[in-house]
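Starting from 1, each residue takes its place in the sequence as its number.
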Amino acid sequence: MTPSDLLSFLFRRGGQEYAVQLVLPQGKASKLKSSKKPPAAPTIQEQPLYRLTLRGEEVQATGPSGQTRQLSRQAFLEVFGAYHFAGAEPTGVLSDLGPLFGMG
């Protein structure tokens, strides 16, 4: 899922937190590998999980270190634009805005 796709996904589910896997595009992952062995199959290098919630016009992003940042949609696209996301799974956590979106 692209960052734009993820923002659209979160917008439809505002106030609900999702855990997503951040992945590098295949081209970047293969450049990082210095092994002489050929890979068995094309791979995507996986990165740690991020927890994301759309809160109004901002994305609340909690990284693997536990640090939380509030990012505008534009800032989110600037920070994560080179990545893709996989596995958007609800964590069961609702923000204080959840009831406004019918998720109370």
Side-chain angles (χ1 to χ4, degrees):
M1 175 180 316
T2 68
S4 294
D5 292 339
L6 182 57
L7 284 177
S8 295
F9 176 85
L10 293 171
F11 181 74
R12 291 189 304 271
R13 294 158 180 85
Q16 187 171 4
E17 182 182 80
Y18 282 84
V20 297
Q21 186 78 38
L22 181 72
V23 294
L24 287 170
Q26 287 183 349
K28 289 187 179 187
S30 63
K31 288 179 185 177
L32 293 176
K33 294 183 180 183
S34 60
S35 173
K36 292 184 179 182
K37 291 189 231 176
T43 60
I44 295 177
Q45 182 178 358
E46 294 186 4
Q47 300 296 319
L49 284 175
Y50 281 77
R51 294 188 330 262
L52 304 172
T53 307
L54 188 68
R55 296 179 53 118
E57 291 297 315
E58 293 190 330
V59 178
Q60 178 175 298
T62 302
S65 69
Q67 187 173 17
T68 299
R69 300 262 188 221
Q70 300 291 331
L71 301 169
S72 69
R73 292 179 190 206
Q74 183 61 37
F76 180 84
L77 293 173
E78 289 172 10
V79 170
F80 294 104
Y83 299 94
H84 283 84
F85 296 91
E89 298 291 328
T91 64
V93 175
L94 296 176
S95 74
D96 54 345
L97 299 176
L100 295 174
F101 294 95
M103 302 190 173

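Among residue pairs with one or both ends in residues 73-86, those qualifying as salt bridge (charged side-chain N to carboxylate O under 4.0 Å, His left out) are Glu57-Arg73; sequence neighbours excluded.
In this structure, Leu10 CG and Arg55 CZ are separated by 13.0 Å, a value rounded to the nearest 0.5 Å. We find the CE-CG distance between Met1 and Leu7 to be 10.5 Å, quoted to the nearest 0.5 Å. For the atom pair OH of Tyr83 and OH of Tyr50, the computed distance is 7.5 Å after rounding to the nearest 0.5 Å. Note that OG of Ser4 and CZ of Phe80 are 13.5 Å apart. Values are rounded to the nearest 0.5 Å. Rounding to the nearest 0.5 Å places CD of Gln60 at 9.5 Å from CG of Leu52.
You'll find the side chain of Arg13 stays beyond 4.5 Å of the side chain of Leu54, heavy atoms only. Side-chain contact between Gln67 and Thr62: absent, with no pair of heavy atoms (C-beta onward) separated by less than 4.5 Å.
The two atoms that bring Ala61 and Leu71 nearest to each other are CB-CD1, 4.4 Å, heavy atoms only. The shortest non-hydrogen separation linking Thr53 to Gly15 is CG2-C, 3.7 Å. Heavy atoms only, all atoms of each residue included: Gly81 and Pro3 are closest at CA-CG, 3.9 Å.
Partners of Val93 by side-chain contact (heavy atoms from CB on, under 4.5 Å), not counting sequence neighbours, listed by chain and number: Glu17, Thr91.
Ring geometry, Tyr18 versus Phe9: the interplanar angle exceeds 60°, so the pair is classed perpendicular (tilted spans 30 to 60°).
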